[in-house]
Enquirer: 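Input: one structure, supplied below.
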Amino acid sequence: MTTPEQSEGDRSRDELLAGEYVLGVLSLADRERVAARIARDRAFAAIVARWQDNLASFNDDYDEVRPPPGVYSKIETAGTRRDRQMVELAPVVARRRSRVTGCADHLRVA
Amino acid sequence: MCLATDTEIAELIGRVALRDRAGLAALYAAVSPKLFSVCLRILKDRADAEDALQEIFVKIWQRADRFAASGASPLGWLVAVARNQAIDLMRARKPVADSIDETWDVADAARDPETTAVLKGEGKRIDRCMEELESERASAVRSAYVEGLSYQELADRHGVPLNTVRTWLRRSLLKLRECLDR
């Protein structure tokens with residue numbers, strides 16, 4: 001059993017930890033510990049998701065920058081190497097130009 | 001730039017979750033400029049940013065089925081995947097000291113159900129709550145997020161000791177949470 005005080009302390013601690021994780025200030029080892037907890041603790045994952053949602057308006061600071069051509073084909077290659085589910089990704093290159101929706105003309109990736 | 005709507009992006013993520021490869025290509029066309037920008041701001045190196053962008057889209061392919069249950073906005077979910085990948089890569093390149101206190105065991109704890117409540121759009125309220133922070137601290141919070149700065153980098157930028165900046169950030173987070181819950 002935890003007392004109400006302890007449980008309040010746990011709550012603040014979790015809020016801080018989740019907030020620090022979402023801000024991104026933690027070390028890699030600490031980030032991995034937090035990520036492992038997110039994967040197994042749904043309540044904690046919800047606290048992290050809430051911070052992500054709360055801070056999402058900062059995403060406006062990221063202006064759009066077109067990546068150079070050729071990155072997408074590397075994604076296909078990398079995926080093929082590491083994830084059998086992506087093995088059949090390659091044929092999409094040929095089809096993409098005709099199938100990608102109209103807005104993609106100036107975003108051509110390959 | 002192509003400004004796909006939330007609905008369109010959500011549909012594309014749904015197609016990717018169904019292993020639709022053309023869906024992944026269309027999602028890349030729609031959101032890669034935003035996610036590449038995330039990589040550049042955090043990694044500050046074009047080659048690293050391109051590597052990170054590749055990893056991000058492999059992760060999106062692998063994890064798209066988790067989006068629907070996340071309750072997040074589609075672009076918010078994608079940016080979170082991108083930021084996590086870029087920050088992890090940055091921390092691997094330039095290690096920083098661990099800061100989770102030893103006494104802060106990261107064990108699970110029983111919690112009241114309200115913390116699992118469904119997300120509601122709180123994005124607009126954060127601006128008001130940020131205004132309640134001292135401007136230098138608000139700026140530290142924002143640049144930590146946008147550039148993925150570590151405590152040490154924030155301390156260097158603001159010319160204050162590491163422990164001071166850590167205290168700033170933690171107090172600011174608690175103040176923000178208190179304000180957002182108000």
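Everything numeric here is computed off the predicted structure, so don't read it as measured data. Below, chain A is the first sequence line, B the second, and so on; all start at residue 1.
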Enquirer: Using a strict cut-off of less than 4.0 Å between a Lys/Arg side-chain nitrogen and an Asp/Glu carboxylate oxygen, indicate whether A:D61 and B:R41 qualify as a salt bridge.
Expert: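 Answer for the salt bridge query: no.
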Enquirer: Are B:R177 and A:W51 in a cation-pi contact, defined as NZ or CZ under 6.0 Å from the six-membered ring centre and within 45° of the axis?
Expert: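 Pair B:R177/A:W51 counts as cation-pi.
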Enquirer: Side chain, backbone, both or neither: which part of B:S73 has an atom under 4.5 Å from a heavy atom of chain A?
Expert: neither
Enquirer: Determine whether B:R83 and B:I42 make a side-chain contact, defined as any pair of heavy atoms from C-beta on separated by less than 4.5 Å.
Expert: yes
Enquirer: Which disulfide bond (SG atoms under 2.5 Å apart) pairs, counting each pair once, include a residue from residues 146-182 of chain B, with sequence neighbours left out?
Expert: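 Passing the test, one end in residues 146-182 of chain B: B:C129-B:C179.
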Enquirer: Considering only heavy atoms, which portion of B:N84 lies under 4.5 Å from any heavy atom of chain A: side chain, backbone, both, or neither?
Expert: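 Both backbone and side chain.
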Enquirer: Which answer fits B:L35, side chain, backbone, both or neither, if we ask what part of it has an atom under 4.5 Å from a heavy atom of chain A?
Expert: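 Neither; nothing under 4.5 Å.
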Enquirer: Are side-chain heavy atoms of B:C39 and B:I56 found at a separation under 4.5 Å?
Expert: yes
Enquirer: Side chain, backbone, both or neither: which part of B:L149 has an atom under 4.5 Å from a heavy atom of chain A?
Expert: backbone
Enquirer: What residue pairs, at least two apart or across chains, pass salt bridge (Lys or Arg N to Asp or Glu O under 4.0 Å) with a residue in residues 58-71 of chain B?
Expert: none
Enquirer: Does any backbone or side-chain atom of B:A97 lie under 4.5 Å from a heavy atom of chain A? Answer side chain, backbone, both or neither.
Expert: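 The answer is the backbone of B:A97.
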Enquirer: Checking heavy atoms, do the side chain of B:M90, its backbone, both or neither come under 4.5 Å from chain A?
Expert: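 Contact with chain A: none, neither part.
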Enquirer: If you count heavy-atom pairs under 4.5 Å between each of A:D30, A:V22, A:L28 and chain B, which one has the most?
Expert: A:D30
Enquirer: Using a 4.5 angstrom heavy-atom cutoff, name the option from B:V96, B:D98, B:L53, B:D51 with the most pairs to chain A.
Expert: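 Greatest number of close heavy-atom pairs with chain A: B:D98.
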Enquirer: Taking B:R137 for its side chain and B:M130 for its backbone only, find out whether a donor-acceptor pair lies under 3.5 Å.
Expert: no
Enquirer: Check whether B:V79 gets within reach of chain A through its side chain, its backbone, both or neither, counting any heavy atom under 4.5 Å.
Expert: side chain
